[in-house]
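Have a look at the structure below, then the notes.
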Amino acid sequence: NKFSVLVTGGAGYIGSHAVLALQDAGWPVVVVDNLVTGFRSAVSEGVPFHEVDVGDGKAVRSILREHGIGAIMHFAGSVVVPESVENPLKYYDNNTARSRVLIEAAIKEGVRHFVFSSTAAVYGEPDTARVSEDSPTRPINPYGMSKLMTEAMLRDVTNAHDLNHCILRYFNVAGADPQGRTGQSTQGATHLIKVAVEAALGKRSHVAIFGGDFETRDGTGVRDYIHVSDLVAAHVLALEALVEKPDASMTLNCGYGRGYSVREVLDAVDRVSGGEVERRQEPRRAGDPGELISENARLLATVLWQPRHQNIDEIVGHALAWERQSALEPAG
Ligand code: UFG
């Protein structure tokens, strides 16, 4: 017995993959996106689409009513760590204030389930090699703090109202739909694998390596890269768990529990593309931790998640395939 699911940010990178995963699992989907960074063309045909900002409570409420929405997956937001350092208020607006409006609309319209896109950035610079959900949350940039504040709101609202939630803390999301139906089309992208595959296809001259003096195996930043299809599969499982246990709420890390350095990622890009991207060593970026790797036991146990695309060459390969098939203009 499946109700309609509202996907905010459904025209964006991760949201567009979530729409496909929900449809594949038989859930009716409705998309809301303000198209500031998303693309109308990323939303599959036949999916009801509303060009609306989640901060427009009145419009959102009427969409929730019109479609009889039973759950919200909230992807819409801003995601670039260095930008958040430059422009913190943008992050507290898009990720915190507008989420508050959306959550309020959900409560007022009797939506029962809320799946929230949070981030490993809530952990800041962890003391341990791998971070669990119980590790301290001490964001070192406004991006992480803006998401952590929304997590806090959700917990409080869940205690006070008839709503349960799943907070998913993403590590580094990369790759594209293995069937080539969608991928990352973000303009002016800053994320490593996206930037590197653009460089591999000649859309950029080089890849900057930000920081060579971290306390990591080769001095470059280490991250837990997770294939976007495995990530959105976790969302569908989380939704099903919420529906099954209306009294349960949960916070789950989404990662594979292993890390690759910037140099290792670039080596994978070279292996997969058969070329050699030019590397340029540059200083550290503001707000970057050295190493961030997920403890994922809770995700595996709670929703019986089965990762399928851990291989870094596969992640890079799907990102590259999408990059090849998308428009050939230079990206910056
Ligand atoms: N990096 C480079 N060159 C680049 C881009 C990135 O060397 O051109 C490095 C970064 O310094 C970092 C690593 O590659 O060491 C990954 O950087 P990304 O920009 O791809 O991603 P971040 O780790 O900064 O942030 C991402 C998401 C956040 C999430 C975080 C969790 O944007 O939402 O991963 O690790 F919180």
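When a ligand or atom number is given, it counts from 1 through the structure's own listing order. The structure presented is a predicted model; accordingly, all values stated were derived computationally and were not measured.
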Quiz item: So, is the end of the Arg284 side chain (NZ or CZ) under 6.0 Å from the ring centre of Phe214 and within 45° of the ring's axis?
Solution: yes
Self-check item: Where ligand 1 meets Leu292 - atom numbers and elements under 4.0 angstrom, heavy-atom basis
Solution: 31 (C), 35 (O)
Self-check item: Residue and atom name of the nearest protein heavy atom (relative to atom 3 (N) of ligand 1), distance in Å to one decimal
Solution: Ala208 O, 2.6 Å
Quiz item: Among protein heavy atoms, which lies nearest atom 16 (C) of ligand 1, and at what distance?
Solution: Tyr225 OH, 3.5 Å
Self-check item: Proximal candidate to atom 23 (O) of ligand 1 [heavy atom criterion; set Arg284, His206, Arg223]
Solution: Arg223
Quiz item: Any idea which atoms of ligand 1 are less than 4.0 Å away from a heavy-atom of Asp288?
Solution: 10 (C), 11 (O), 24 (O)
Quiz prompt | Aromatic ring proximity His235/Tyr170, centre distance under 6.0 Å | solution = yes
Practice problem: Output yes when a side-chain donor or acceptor of Asp33 lies under 3.5 Å from a complementary backbone atom of Ala11, and no otherwise. | Solution: yes
Exercise. May I ask you to check whether Ser261 and Asp218 show a side-chain donor-acceptor distance below 3.5 Å?
Key: yes
Quiz item: Are Arg130 and Asp224 within salt-bridge range, i.e. N to O under 4.0 Å?
Solution: no
Quiz item: Should one rank Tyr170, Phe210, Phe171 by closest heavy-atom distance to atom 2 (C) of ligand 1, which comes out on top?
Solution: Phe210
Practice problem: Run the numbers for me: atoms of ligand 1, each under 4.0 Å from some heavy atom of Ile209, listed by number. | Solution: 7 (O)
Practice problem: Please determine if Val79 has a nitrogen or oxygen closer than 3.5 Å to a nitrogen or oxygen of ligand 1. | Solution: yes
Practice problem: Measure the spacing between OG of Ser118 and CD of Glu151 and express it to the nearest 0.5 Å. | Solution: 3.5 Å
Quiz prompt | Top protein contact for atom 19 (O) of ligand 1, by heavy-atom distance | solution = Arg285 NH2, 2.9 Å
Quiz item: Which ligand 1 atoms, with their elements, are less than 4.0 angstrom from a heavy-atom of Ala121?
Solution: 36 (F)
Practice problem: Apply the test salt bridge (charged side-chain N to carboxylate O under 4.0 Å, His left out) to residues Arg181 and Asp24: give CA-CA distance (whole Å), side-chain angles for both, the deciding distance (0.1 Å), then the verdict. | Solution: CA-CA 12 Å; Arg181 295 172 293 176; Asp24 291 347; 3.3 Å; yes
Quiz item: How about Leu6 and Leu64: do any of their side-chain heavy atoms sit closer than 4.5 Å?
Solution: yes
Exercise. For Ala120, counting its heavy atoms only, list the atoms of ligand 1 lying under 4.0 Å from any of them.
Key: 31 (C), 36 (F)
Quiz item: For ligand 1, does Thr190 get within less than 4.0 Å through its side chain, its backbone, both, or neither, judged by non-hydrogen atoms?
Solution: backbone
Exercise. Measure the distance from atom 22 (P) of ligand 1 to every protein heavy atom, then report the residue, atom name and distance (to 0.1 Å) of the closest one.
Key: Asn172 ND2, 3.5 Å
Quiz item: Do Asn141 and Tyr91 have side-chain atoms, one donor and one acceptor, less than 3.5 Å apart?
Solution: no
Practice problem: Please identify which atoms of ligand 1 are closer than 4.0 Å to at least one heavy atom of His191. | Solution: 18 (P), 19 (O), 20 (O), 21 (O), 27 (C), 32 (O)
Quiz item: Can you check whether His165 and His74 have ring centres sitting under 6.0 Å from each other?
Solution: no
Quiz prompt | Heavy atom of the protein closest to atom 20 (O) of ligand 1 (residue, atom name, distance) | solution = Leu192 N, 2.8 Å
Exercise. For the residue pair Tyr225 and Gln310, establish whether any side-chain heavy-atom pair is separated by less than 4.5 Å.
Key: no
Exercise. Identify, for atom 33 (O) of ligand 1, the protein heavy atom at the shortest distance, and state residue, atom and that distance.
Key: Tyr143 OH, 2.8 Å
Practice problem: Among all protein heavy atoms, pick the one closest to atom 36 (F) of ligand 1 and tell me residue, atom and distance. | Solution: Thr119 OG1, 2.1 Å
Quiz item: What's the shortest distance from atom 9 (C) of ligand 1 to any protein heavy atom, and which residue and atom give it?
Solution: Val262 CG2, 3.6 Å
